[in-house]
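This one's a predicted model, so the numbers in the text were calculated from it and none came from an experiment.
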Amino acid sequence: MALFPQGLSHVDARCNAGERRVLHQLKRCLEDDYIVWHDIAIGPKARQPDFVVLSPRWGILLLEVKDWRAATLGPATRDAIELRTPRGVVTAPHPLRQARDYAMELVDLMKHDPALVHERGPFAGRLLFPYGWGVVLASMRRADVSGSDFDELFPPARTLLRDDLDEAVPAAAFQHRLWGMFTVSYPHTLTLPQRDRVRWHLFPEVRLQPQASLDFGAAPETAPPLPDLLQVMDLQQEQVARTLGEGHRVIHGAAGSGKTMILIFRAQYLAAAARADQPVLVLCFNRTLADRIQHQLRERGVDERVQVHTFHGWCLDLVRTYQLDLPPGLKGDSYFTALAQAVERAVESGRVPGGQYLALLIDEAHDFEDAWLRIAGRMVSPATNSLLVLYDDVQSIYQGAKARRKFNFAGVGIEARGRTSILRLNYRNTTEVLALALQCAQGLLQGDGTARGEDELPRVQPLSAGRRGALPVLVEARHALEEAELLAERIAAALAAGTPASDIAVLCRAKSLMRPIEAALARRGVPLQSMNALAFRRFDWRQPSVRLLTMHSAKGLEFGLVCVAGLQALPMRDETLEDAVRLLYVAMTRATRELVLSAHGRSAVVERVREALAAVAQQFSAQA
């Protein structure tokens, strides 16, 4: 059966009678390498054909479906058709012309992607794969139109009728009818990267990082060249993102499995229905992640109808708006605890009204206390009850090992039974980076990714997507200044080799460890933003620069080159080895391509990294 990324039952529920006949025939007759989307905006102009069919063996087919009857049809041209309706005669665009125009827009777009066209030969400059379009008149049989000029306006090769949708039609015969709608007869089997590039062009919303510098509205001949790597959600991620309906939803996802990306997709989708007086709220724990999510949403054109806050920043807004009382003179953890408790009391008493938001999306929910989740859940409008919670217990780094709790979602008001997804495949890290992170984190990921009881959360062990890269390295120096110089040399070399400054990060356990690294980078003229700067409040994500941030603040972020510095400081005073390793696991899994670890002294964590690197190097050398 074909794959339906929007969910087969979801598509079935939104189809009209004619579309449903087509849907069921596609389901019955197409093999599992076909992908089918229904009524979804495609391309930069957001056109909406009724069905988009993508086959790696045949290419792209666009179908317009009409539930018209023969008696409905009036005079027609190749551009428009008069329809006799109970409201009188109306003029509608010719569906075949519509489908053709949509298809040609896509073709013109993709022809400017060098990875999708023939370089030479008789088809030079043309797409590698066929494309086609057609119309389905789902309620009209051949007998209804015989003896008329119907075939002149609806050529049989590009028109399916009710006869073609009967269950008695063999699957091979139906596929043959679809293939007859393609423009040329040179089938080309798309590779997975080529298929994903096609999806990148079709659906801007599944792009992992929208290239703000590219003007997709520009004419193809004036648009800047496309980058070599066009990253999109994989099909499982797209299916999870597109099938998120109303009600409470929970996604358990391993590090690098795309949880935040799905949250951004969902927020972008919900923004269309949000209003200024009932916006969408996104909450997370750390401010760096909140700023990054907000930046990515604004890059995608999502306005203030989607609000992004840390949990405590949101609480502070409520305290100020509703004039809630806080004990004077509190600082640090005591202040944040009092802030949350004041909001909790006000929500319970009704002083802060519930149901203020069209939807609520919580990233890194494993960092939230139980009471915070209860408060947040009550702020969703009962009309939508739309709550999305993203969770990975392994990355819970803000609770000590003794305080780490078990809880069930129902106990905090999250009713998501039957609406829970698990993402195991790690797309962020190379196989080598992930192997080292898992080797270091042994013991933290025990379990098979399933919850056997209501009180047991799944610990999802990530599986590699198979992308290869360089082995991580451990740089050991005699003192802090030497460590800083060695890291600065590597970063300067990466910049000279073409790595953008914004794709490089240095992660430290404490801000004080950043000082010599800042100085070493500054001496080389490397643009940087550091959390240790006196005037630092938040990163300007528009500014191209290397980021220096704490391991905690890096949670939820990713960079091509990650340097994890000062490992000799782990574990810190009053920190268990388990907590230090959990934090290191989060830090290492921020790297999408290259991971460098460094230290200028000995510690239990340095020793663990050294042993893990030796084991991973032996593992990959045995595979060579």
Side-chain angles (χ1 to χ4, degrees), residues 193 196 200 207-214 224-233 255-258 260-261 264 286 288-289 291-300 426-434 436-437 465 467-473 475 484 486-508 514 517-518 520-522 524-531 536 538-551 553-565 586-598:
D196 285 342
W200 191 93
R207 297 168 184 166
L208 297 196
Q209 294 179 338
Q211 278 77 9
S213 61
L214 295 180
L226 291 167
D228 291 334
L229 182 63
L230 300 181
Q231 293 179 298
V232 295
M233 293 182 183
S257 60
T260 300
M261 176 180 62
I264 289 171
N286 82 67
T288 308
L289 178 58
D291 289 345
R292 184 61 176 157
I293 291 173
Q294 178 166 290
H295 174 72
Q296 289 182 325
L297 285 169
R298 301 300 177 253
E299 268 193 325
R300 292 171 179 262
N426 172 296
Y427 295 91
R428 176 187 298 140
N429 310 127
T430 62
T431 301
E432 290 79 3
V433 167
L434 183 60
L436 179 64
R467 186 166 54 87
R468 301 301 300 269
L471 277 171
V473 296
V475 175
L486 291 172
L487 289 179
E489 284 177 13
R490 285 181 173 269
I491 290 171
L495 291 170
T499 302
S502 297
D503 206 22
I504 301 174
V506 180
L507 313 184
C508 299
M514 299 177 188
I517 302 171
E518 291 170 355
L521 290 172
R524 288 167 172 77
V526 173
L528 63 96
Q529 295 184 64
S530 173
M531 291 186 70
F536 178 81
R538 51 172 40 93
F539 289 119
D540 181 355
W541 293 102
R542 298 165 300 180
Q543 186 70 28
S545 54
V546 174
R547 268 83 182 189
L548 278 69
L549 61 165
T550 64
M551 293 182 183
S553 295
K555 197 152 173 291
L557 306 179
E558 62 180 46
F559 303 88
L561 167 59
V562 170
C563 301
V564 184
V586 171
M588 289 193 292
T589 54
R590 302 307 97 197
T592 65
R593 292 191 309 276
E594 187 177 354
L595 175 63
V596 176
L597 303 116
S598 67

With [X], which residues qualify under side-chain contact (heavy atoms from CB on, under 4.5 Å), at least two apart?
| X | answer |
| --- | --- |
| Thr550 | Lys511, Met514, Met531, His552, Ser553 |
| Ser502 | Pro544, Arg547 |
| Ala520 | Ala484, Glu485, Ala488, Arg523, Arg524 |
| Ala591 | Val433, Val562, Leu595 |

Exercise for review: Would you please test Asp291 and Trp541 for side-chain contact (heavy atoms from CB on, under 4.5 Å) and show each step?
Suggested key: CA-CA 8 Å; Asp291 289 345; Trp541 293 102; 3.8 Å; yes
Check your understanding: Tell me the side chain to side chain donor-acceptor pair (under 3.5 Å) pairs involving residues 486-500, sequence neighbours left out?
Key -> none
Side chain to side chain donor-acceptor pair (under 3.5 Å) partners for [X], two or more places apart:
| X | answer |
| --- | --- |
| Gln294 | none |
| Thr592 | none |
| Thr589 | none |
| Thr288 | none |

**Study point:** salt bridge (charged side-chain N to carboxylate O under 4.0 Å, His left out) involving Glu432 - partner list, sequence neighbours excluded
**Key:** Arg468
Practice item. Could you tell me which residues satisfy salt bridge (charged side-chain N to carboxylate O under 4.0 Å, His left out) with Arg593, sequence neighbours excluded, listed by chain and number? Key: Asp503
Practice item. Pick out which of Leu436, Leu507, Leu434 makes a side chain to side chain contact (heavy atoms under 4.5 Å, CB included) with Met588. Key: Leu436
**Study point:** Partners meeting ring-ring contact (aromatic ring centres under 6.0 Å, His included) with Tyr427 (sequence neighbours left out)
**Key:** none
Point to revise | Which atom of Ala505 lies closest to which atom of Leu549, heavy atoms considered | key: CB-CD2, 4.0 Å
Exercise for review: Considering non-hydrogen atoms only, spot the tightest contact between Gly556 and Arg590 and give its length.
Suggested key: N-NH1, 3.2 Å
**Study point:** 4.5 Å side-chain heavy-atom contact, Ile491 and Cys563
**Key:** yes
Check your understanding: Taking Gln529 for the side chain and Ser545 for the main chain, is one N or O donor matched with an acceptor at less than 3.5 Å?
Key -> no
